Amino acid sequence: MSEVHGQERTTGSGAARPTMRDALVEAAFELFSERGFEQTTIDDIVSLAGVGRRSFFRYFPSKEAVVFPDHDGCLVDMTAFLAAADPAGDPVEQVCDAARLVLRMYAGNPAFSVGRYRLTKQVPTLRIHELSVVWRYERTLAGHLRTRYAARSDGALRADVIAAAVVAAHNFALRSWLRSGGEGDVGAAVDEALQLVVDTWGDDAAGGSGGASQDDEVVVMVARRGTPMWRVVQGVEAALEG
């Protein structure tokens, strides 16, 4: 059984031992490994952990939630990180940095993260729960971007598209690492994936306009109705060459 990623409590002798929350997670994953997720009950978990049912529900609203014990805290950290972000900074780089908080959570305990990934792949209800977790992250990123792009006519659309791109890029690299069993440099893989988002949408991408460079000139061609097309083309070519 892999260790769970969480807080530790120090006993009077100075030795660290898991908190009740971590004990519940450890007991749950031990039983999931032995019996399977569906065959394990909450009563089984609390019995192995040596606590009561009320203690379980103090920390987790459901059996599915015990599989994802660290996401609520990570979401709080992400929200605080974005709230403290420099208003003059590149918002795309900021949401990419916020996504790296999730990466650090997974990479901090590879054995637990890989085990959870494999369990989630086997249980449809866990995949549904995971999607709800991912949606909460995406909404948090989009909320920050919507605030930063509030003055743009396409601000809401831009925010939602970029937030979805950040989540997709992050998860592509992260899940590749999880499928490999936690082998390789996941940090470098996520950096490469997120850089694609920054290069596409960041302030320095195409002059920061998400389209034509601010240094580009726009040529407008005016012609009378009935002007031969060859003359229109000739005029456009002359303007562009000039």
Side-chain angles (χ1 to χ4, degrees), residues 1-84 98-141 143 167 170-171 174-175 177-179 181-182 186:
M1 173 65 188
S2 63
E3 61 175 338
V4 289
H5 179 62
Q7 299 294 320
E8 290 186 333
R9 186 170 50 197
T10 302
T11 65
S13 63
R17 63 186 176 90
T19 64
M20 184 182 297
R21 184 173 182 272
D22 288 345
L24 286 165
V25 175
E26 185 171 356
F29 272 82
E30 182 174 332
L31 291 169
F32 296 157
S33 176
E34 293 175 355
R35 307 179 185 180
F37 179 82
E38 301 293 353
Q39 290 71 34
T40 300
T41 67
I42 291 175
D43 285 335
D44 294 333
I45 296 170
V46 298
S47 177
L48 182 59
V51 301
R53 284 178 61 90
R54 291 179 63 180
S55 295
F56 180 92
F57 289 109
R58 186 180 305 149
Y59 295 101
F60 305 107
S62 65
K63 187 171 67 169
E64 287 76 14
V66 78
V67 180
F68 305 94
D70 36 17
H71 283 291
D72 284 344
C74 190
L75 188 65
V76 170
D77 292 342
M78 176 183 286
T79 302
F81 176 86
L82 291 172
R100 289 184 174 91
L101 297 177
V102 183
L103 167 66
R104 285 200 287 272
M105 178 189 70
Y106 276 86
N109 194 334
F112 178 72
S113 297
V114 170
R116 172 169 57 190
Y117 173 76
R118 291 172 177 169
L119 176 65
T120 302
K121 293 288 288 183
Q122 298 169 3
V123 183
T125 56
L126 291 180
R127 291 200 294 272
I128 294 171
H129 189 90
E130 184 181 41
L131 288 173
S132 71
V133 171
V134 172
W135 183 84
R136 291 169 66 196
Y137 284 126
E138 184 175 326
R139 289 298 84 203
T140 300
L141 300 179
V167 170
H170 174 275
N171 286 352
L174 176 62
R175 287 171 182 164
W177 177 72
L178 292 171
R179 283 194 297 270
V186 66

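It should be emphasised that the depicted structure is a prediction, and the values quoted were computed from it without experimental measurement.
Cation-pi contact between Arg100 and Phe81: absent, since separation from the ring centre below 6.0 Å together with deviation from the ring axis within 45° is not met.
Considering only heavy atoms from C-beta on, Val123 stays 4.5 Å or farther from Phe32 through its side chain. Proximity of Ile42 to Phe57: side-chain heavy atoms (C-beta onward) are separated by under 4.5 Å at one or more points. Using a 4.5 Å cut-off on side-chain heavy atoms (C-beta onward), Met78 and Leu82 make contact. Considering only heavy atoms from C-beta on, Asp72 comes within 4.5 Å of Arg136 through its side chain. In this structure, the side chains of Val67 and Phe29 come closer than 4.5 Å at one or more pairs of heavy atoms. The shortest side-chain heavy-atom distance between Leu178 and Ser113 falls under the 4.5 Å cut-off. Residues Thr125 and Glu38 form a side-chain contact, since some pair of their non-hydrogen atoms from C-beta on lies under 4.5 Å apart.
Judged purely by atom type and a 3.5 angstrom limit, Ser132 uses its side chain to pair as donor or acceptor with the backbone of His129. Between the side chain of Lys63 and the backbone N or O of Ile45 there is no donor-acceptor pair closer than 3.5 Å. Put simply, the side chain of Ser55 never gets that close to the backbone of Val51: no donor and acceptor are under 3.5 Å apart.
A salt bridge links Asp70 with Arg116: the closest approach of a Lys/Arg side-chain nitrogen to an acidic carboxylate oxygen falls below 4.0 angstrom.
To the nearest 0.5 angstrom, Leu174 atom CG is 6.5 Å from Leu103 atom CG. In this structure, the separation between CZ on Arg127 and CG on Leu119 is 10.5 Å, given to the nearest 0.5 Å. Here the straight-line distance linking atom OG1 of Thr140 with atom CG of Asp77 works out to 11.5 Å at 0.5 Å rounding. In this structure, Phe112 CZ and Glu26 CD are separated by 10.0 Å, a value rounded to the nearest 0.5 Å. Atom OH in Tyr106 sits 9.0 Å away from atom SG in Cys74 (nearest 0.5 Å). We find the CG-OH distance between Asp22 and Tyr59 to be 9.5 Å, quoted to the nearest 0.5 Å.
For the 3.5 Å distance criterion, the side chains of Thr41 and Asp44 qualify, holding a donor opposite an acceptor. In the model, His170 has no side-chain atom that pairs as donor or acceptor with a side-chain atom of Tyr137 under 3.5 Å.
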### Query
Would Phe37 and Gln122 count as a side chain to side chain contact (heavy atoms under 4.5 Å, CB included) if you check the C-alpha gap in whole Å, the side-chain angles of each, and the deciding distance to 0.1 Å?
CA-CA 9 Å; Phe37 179 82; Gln122 298 169 3; over 6 Å; no

### Task
Mind running side chain to side chain contact (heavy atoms under 4.5 Å, CB included) on Thr120 and Phe68 for me, showing each step along the way?
CA-CA 10 Å; Thr120 302; Phe68 305 94; 3.9 Å; yes

#### Entry: Worked verdict on His71 versus Met105 for side chain to side chain contact (heavy atoms under 4.5 Å, CB included)
CA-CA 9 Å; His71 283 291; Met105 178 189 70; 3.2 Å; yes

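Scanning all heavy atoms of the two residues, the minimum distance from Val46 to Gly52 falls at CG1-O, 3.7 Å. Minimum interatomic distance between Leu48 and Ala27 (heavy atoms only, all atoms of both residues): CD2-O, 3.7 Å. Considering every non-hydrogen atom in both Val114 and Gly181, the closest pair reads CG2-C, 3.6 Å. Taking each heavy atom of Val167 and Val134 in turn, the nearest pair found is CG1-CG1, 3.5 Å.
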